[in-house]
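Shown next, in C-alpha cells, is the structure this report addresses.
The chains referred to below are lettered A, B, ... by the order of the sequence lines, with proteins before strands, and numbering in each begins at 1. No hydrogens, no waters, no symmetry mates; every other heavy atom, side chains included, goes into these values.
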2 protein chains.
Amino acid sequence: MQIDERDRMILRLLQRDGRISNAELAEKVNLSASACLRRVRLLEEAGFIDHYTMLLNPARIGKPGNAFVNISITRQTREALETFEKEVQKVPEVVECYLLAGQSDYLVHVVYSDTGDYERIHSEVLTQLPGVERVQTVITLREVKRTTELPV
Amino acid sequence: MQIDERDRMILRLLQRDGRISNAELAEKVNLSASACLRRVRLLEEAGFIDHYTMLLNPARIGKPGNAFVNISITRQTREALETFEKEVQKVPEVVECYLLAGQSDYLVHVVYSDTGDYERIHSEVLTQLPGVERVQTVITLREVKRTTELPV
DNA sequence: CAAAAAGAAGGCGTAAAACGCCAATATAAC
DNA sequence: GTTATATTGGCGTTTTACGCCTTCTTTTTG
C-alpha cells in the first residue's frame, strides 16, 4: 500500500488530535465524510496507525521526574538478555528501553515522582533486574521538548 | 481537585485506548454513561488529561531509527540557552529534549529514516543550532520497550 | 482512440455515540 | 436530624459513525 499527501495530512491531523471527528477531519482534507473514513480505516489496517491513546500530564499526576539510565549487563547468554528485556517490559516506571552497541548495554528512560521514588526504583527495581552489572543514572533537570508526533 | 481510584482506572483505560466509547468506559468502571462522561470532562478540565493522540508505527512510516544525542552549549547568556531551546522545538525529528545538570548540556532524542538521514540531521540541523559546542551521538540498535502509558 | 475494468468519491439511511437537562440518591456539614 | 452539597442515573436531542449504493475519475487493454 502506498500513501499520498492527503493520507499524510490525515496522519498529521490525527497525531495532533486523536479524537477529531471524522466530519471535521474530512473537511480539513477536502473529502467527503465517507471517503475520509475509508482512508482512515485503510491506514489503520495497513499498520501505519499503531493505536489511539490519551496522554497524561506527568506533573499533574505526580510523575514529573525523568531519568535516563545506562544499564550494563554481565556478558552472558542470549537467554540472559532476553530475560532482562522481558523483565524491563514489566516495570511501569520504564517508558523506554533501547539496546545500544556493545551487545549488553541498554538505555532506559524512567519516570518518577521525587528523589525518594527514584532511589527506590534504582535500588529495588533496576539493580535487581537479571544480569545487571552497572547502573549509571542521568537525571534531567527540565523538560524542554516532548512530543509523540513524528514527521510524516 | 482530588482523584479517586475510579478516576485512576478511567485514566488507565484511556491511556490504553484513547478512542474507547464512553458507554464502554462507563461499563468497565461501573458507572452510568452520564456520570462517567462527567468525570472524564472534569479530568480534562483539571489538567490531568493533556490531550488525545494517534500513535504512528515508526517503522511503517519510514522512521525506524532512534538516536540519543548529548549536546553541549558554549557557556553563554541565559538568552543563548533560550534561543537554543526555541530552535530545538522547531525540529520535527527531535521528539524529546531535556536539560541536564551542568547548566548547558542537553539530552536530545532524535528519530530518523536511515544513516544518511541521520547524517543530514547531525550536520545540517543539530550542529547548526545556536550555541552548540559539542554533539555526541548514541545510536540505538533496537527498541526493547516504548510506551506512553504512565503508572497511575 | 475507444471500450472495458478498476479505483476512489459522494450521497443517503440507519445505528450508535455524545451531550445537556432534570430528578433521585448519596455524602457531608451543621 | 435536617439542611446543604456533591454525585449519580435516566431520558430526549443532536451529532457522529458506518454500511450500502450510485456516480465519477483513472487506468488498462484491444
Side-chain angles (χ1 to χ4, degrees), chain A residues 1-63 113 147-152, chain B residues 1-63 113 147-152:
Chain A
M1 182 190 173
Q2 171 141 324
I3 63 172
D4 59 18
E5 178 52 33
R6 198 176 255 143
D7 288 315
R8 278 191 291 276
M9 192 175 299
I10 288 174
L11 295 177
R12 285 194 293 271
L13 290 166
L14 283 174
Q15 283 192 107
R16 279 195 219 124
D17 178 6
R19 279 206 151 174
I20 186 174
S21 76
N22 183 62
E24 191 181 341
L25 185 62
E27 193 190 333
K28 289 192 178 180
V29 298
N30 289 315
L31 273 181
S32 71
S34 55
C36 183
L37 187 62
R38 217 171 308 124
R39 279 182 183 250
V40 173
R41 292 291 166 267
L42 282 174
L43 289 166
E44 288 169 359
E45 281 158 29
F48 293 96
I49 291 175
D50 185 355
H51 70 287
Y52 299 88
T53 187
M54 175 274 286
L55 299 181
L56 290 172
N57 179 336
R60 197 74 180 77
I61 60 154
K63 297 273 175 186
S113 311
T147 183
T148 58
E149 294 183 32
L150 300 179
V152 281
Chain B
M1 184 189 173
Q2 172 141 324
I3 63 173
D4 60 19
E5 179 51 33
R6 198 177 256 144
D7 288 314
R8 278 191 290 277
M9 191 175 298
I10 288 175
L11 295 177
R12 285 194 294 271
L13 290 166
L14 284 174
Q15 284 192 106
R16 278 196 220 123
D17 178 6
R19 278 208 154 174
I20 187 174
S21 76
N22 183 63
E24 191 181 340
L25 185 63
E27 194 189 335
K28 289 192 178 180
V29 299
N30 289 315
L31 273 182
S32 71
S34 55
C36 184
L37 187 62
R38 216 168 312 122
R39 278 181 184 249
V40 173
R41 293 290 167 265
L42 282 175
L43 290 166
E44 289 169 357
E45 282 157 30
F48 293 97
I49 291 176
D50 185 355
H51 70 286
Y52 298 88
T53 188
M54 176 272 287
L55 298 181
L56 290 171
N57 179 336
R60 196 74 180 77
I61 60 155
K63 298 272 173 186
S113 312
T147 182
T148 58
E149 292 183 32
L150 300 180
V152 281

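- For B:E24 and B:R19, the salt-bridge test fails: no basic side-chain N is under 4.0 Å from an acidic carboxylate O.
- The side chain of B:L37 approaches C:dC19 more closely than any other nucleotide in the set D:dA17, C:dC19, C:dA9.
- Atoms CZ (A:R39) and P (C:dA9) sit 4 Å apart, rounded to a whole Å.
- Within the 4.5 Å cutoff, the side chain of A:V152 has heavy atoms near those of the A:R12 side chain.
- Here C:dA26 presents its C1' atom at 13 Å from CZ of B:R6, a figure rounded to the nearest Å.
- At whole-Å resolution of the value, CD in A:E27 and P in C:dG11 are 14 Å apart.
- Without hydrogens or angle criteria, B:Q15 side chain to A:L56 main chain gives no donor-acceptor distance under 3.5 Å.
- As a whole-Å value, the separation of B:L31 CG from C:dT25 C1' is 14 Å.
- The distance between atom CG of A:D4 and atom C1' of D:dT26, rounded to the nearest whole Å, is 14 Å.
- Set against C:dA8, C:dA18, D:dT7, the side chain of B:N22 has C:dA18 as its closest nucleotide.
- In this structure, B:R41 reaches the sugar-phosphate backbone alone: every heavy-atom distance under 4.0 Å involves primed, P, OP1 or OP2 atoms, never a base.
- Distance CD1 (A:I20) to P (C:dA18): 16 Å, rounded to an integer number of Å.
- Residue-level contact check: A:S21 touches the backbone only, with heavy atoms under 4.0 Å from sugar-phosphate atoms and none from bases.
- Base contact: A:R38 has a heavy atom under 4.0 Å from a base atom.
- Between the C1' atom of C:dT27 and the CD atom of B:Q2 lies a distance of 15 Å, rounded to the nearest Å.
- If you check C:dA9, D:dG9, C:dA18 against the side chain of B:A35, the one that comes closest is D:dG9.
- Atom pair A:E24:CD and C:dA17:P shows a separation of 21 Å (rounding to whole Å applied).
- Side chain of B:R60 to main chain of A:D50: no donor-acceptor pair is present (N/O by atom type, distance under 3.5 Å, no hydrogens or angles).
- Within the 4.5 Å cutoff, no side-chain heavy atoms of B:D7 are placed close to those of B:Q2.
- Of the two residues near DNA chain C, A:S34 and B:R19, the one whose nearest nucleotide lies more 5' is A:S34.
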